[in-house]
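Starting from 1, each residue takes its place in the sequence as its number. Since this is a predicted model, take the numbers as computed values, not measurements.
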Amino acid sequence: MPSVTDLLRRRTALRAERDPYADLWQEIAEHVIPHKSNITNLLSPGERQTRKLFDSTAIDASQTLASSIHGTLTPSTQPWLSLKIRQEELNEIGEVKDWLEDVARRIHAALRQSNWTTAVHELYLDLVGPAGMGCIFVEEKPPTANGAFGGFRFSTHGPGEYMIAEDAEGRVDTIFRDLSLTARAIVRKWGDKKAGEKVSDTAESKPDQRFTVLHVVMPRDDYSRAGGTKRRGFPWFSCYIVVESRHKIEQGGFDEFPFLLPRWAKTTGEVYGRGPSHTALPDIRTLNTVKEFVLQAAPLAMFPPTIERDDSVVGEPDLTPAGRNVVSVIGGQSLSETFAFLQTGMKIDLSQIVLADLRAGVRRIYFADQLELQEGSQMTATEVQVRYELMQRLLGPTLGRLEAEFLNPLVERLFGIMARAGALLPLPQALTQRGVELPDLDIEYEGPLARAQRTVELVAQDRVLGFVTALTTAMTGAAVPPSQVAAVFDVLKVDRWVRDRAEITGVRSDSLASEEEVGEIRRARAEQEAQQAQLQQAQQVAEIAQKGAPMLKVLDEAAGRQTNGARAA
């Protein structure tokens, strides 16, 4: 394992790579997300954060974008993920399907009971704001009093609090984060012995004095499996170090990389992200400067300075509404030669046009013009759907990166924590009988935006169904035999259509009958129909027999008379 000296030396190297970004992040934060503008300039508690701002367009647009991503990608009001087994044939088994849906529901319930909503919103603000990336730490809460799963805890870290490194495939696999903790907090979290002598002594004399605690998480180079089953260590190395005393507080590991570090976009050769705020910064700065000039020049247009001949005004000029200015006109001079207002040439209407163009440009960069509801009557369901599809086209590349760097590792981490804590139902027998200990899972996202991507299938179904219906109606009108009309529907797998539509629209799987249950229902219905057909046939035979009995009697009597007549002859 690396020594404390090695880790502190690497921290210095990673910090040197990160520091060139800090001034840019600080400037963006001051203009876009003021409450995060403490990257290089530490703000005093209660200090005004908008001192340098004259326009809040970028603040509003960035918050709108962050909230829209949260509401459409990971909404807190509805399930936004589902699980599938990579072996497609296993997903058709009823008990497997119910188990997968139960796992997804348990994960979503645990998220709702945690601080997920507040933490992920802060991450989205960082993503569209200063750094163009976010950082969130996922950990398990301590077990409850009876030893049950305690839930999740999320903590978001802003730009300037961490340094990162990538692996050969461009994935972030190393993080060094600095935590500013008081001596008292360190002792309460780790205890006197682990905190070290310096921190423990300080906690007694100056409990609120702060120390920098370095948290390191990176791949464990000596991780291996003996015989494929027995593990010698966690795949991810973790330790905490008090930087001032160079004392290692704790060393351990994780089964999954516990940090989620999604990036909006990335420049080739760089590790840290770049987002819409980097693109909008020139317009934001210009807009802020123009607004400042307009605010300075507007009073000059409303209350212009005066031009006065020396000693021509009695007293000081009164520029208030209805004010009186007594002017002494000397000789043959006119009033305009003695006292006049200076025309500044300031055109308020032109400056407003410039401001409007700049604001529109900033809002376009943050997609605010597409994300906000239009004025007027409420949008129809079709218009809402079109809005989601438009958002998908605009944010398609970014959403792909978010799935790969954020959502996929998030669900893997949550599933792993709950599985190890015994918070999930046991594997169904259909899997254990096949020798499956831990199935390979694929994640499907079912938030409003993810569902909008699959609505193309629903539209295609509606179009085909409309065509088939019109075709059969025309065939019926042309007196085509009913068997040929019904044969048109033989092309469509109606059962598959219904299940696909239910899945896309979010109907729970346990609300639908399984294929086995449907088969049993149809067999029972066929048997009942066959029995009814047999009973009906028997009734028809009985009715025919009952109606034919008198005729048979007459025929028998006629035959008897003929026989008697022949004997008499």
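The main-chain N or O of S114 is never found under 3.5 Å from a side-chain atom of R153 such that the two would form a donor-acceptor pair. Looking at R105, its side chain never comes within 3.5 Å of a backbone N or O of P79 through a donor-acceptor pair. One N or O on the side chain of T182 and one on the backbone of A185 form a donor-acceptor pair closer than 3.5 Å. D126 places no side-chain N or O within 3.5 Å of a backbone atom of M133 that could act as its donor or acceptor partner. No donor-acceptor pair closer than 3.5 Å links the side chain of T174 to the backbone N or O of M218. Formation of a donor-acceptor pair under 3.5 Å by the R18 side chain with backbone atoms of M163 is not found in this model. Between the side chain of E250 and the main chain of K194, no donor-acceptor pair closer than 3.5 Å is present. In this structure a side-chain-to-backbone donor-acceptor pair under 3.5 Å is missing from H70 to E122.
With sequence neighbours left out, the salt bridge (charged side-chain N to carboxylate O under 4.0 Å, His left out) criterion links R177 to no other residue. The salt bridge (charged side-chain N to carboxylate O under 4.0 Å, His left out) search around E256 returns R413, R420, not counting sequence neighbours.
Using a cut-off of 4.0 Å between Lys/Arg side-chain N and Asp/Glu carboxylate O, R106 and D102 are scored as salt-bridged. Between K84 and D442 there is no salt bridge, since no side-chain nitrogen of the basic residue lies less than 4.0 Å from a carboxylate oxygen of the acidic one. Salt-bridge formation is detected for the pair E166/K266: a Lys NZ or Arg NE/NH1/NH2 atom is positioned less than 4.0 Å from an Asp or Glu carboxylate oxygen.
Between L83 and V411, some side-chain heavy-atom pair lies under the 4.5 Å cut-off. Looking at heavy atoms from C-beta onward, L73 lies out of side-chain contact with W80 at the 4.5 angstrom threshold. Between V103 and F415 there is a side-chain heavy-atom pair separated by less than 4.5 Å.
Within a 6.0 Å sphere centred on CZ of R184, other residues, nucleotides and ligands contribute 12 heavy atoms or fewer. Atom CZ of R463 has 12 or fewer neighbouring heavy atoms from other residues, nucleotides or ligands inside a 6.0 Å radius. Within 6.0 Å of the CD atom in Q429, the count of heavy atoms belonging to other residues, nucleotides or ligands does not exceed 12.
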Candidate pair F367 and I69, rule side chain to side chain contact (heavy atoms under 4.5 Å, CB included), full reasoning: CA-CA 11 Å; F367 310 105; I69 295 176; over 6 Å; no
List the steps, then state whether side chain to side chain contact (heavy atoms under 4.5 Å, CB included) holds for I241 with R11. CA-CA 11 Å; I241 300 171; R11 170 179 177 267; over 6 Å; no
Please test I443 against L407 for side chain to side chain contact (heavy atoms under 4.5 Å, CB included), starting from the C-alpha separation and ending with a verdict. CA-CA 9 Å; I443 306 163; L407 298 180; over 6 Å; no
With side chain to side chain contact (heavy atoms under 4.5 Å, CB included) as the test, would you mind laying out the steps for Y240 and L179 before giving the verdict? CA-CA 10 Å; Y240 291 85; L179 305 174; 4.2 Å; yes
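Within the structure, ring-ring contact (aromatic ring centres under 6.0 Å, His included) pairs that include any residue of residues 251-275 comprise Y21-Y272, W25-Y272, F137-F259, H215-F259, W236-F257 (at least two apart or interchain).
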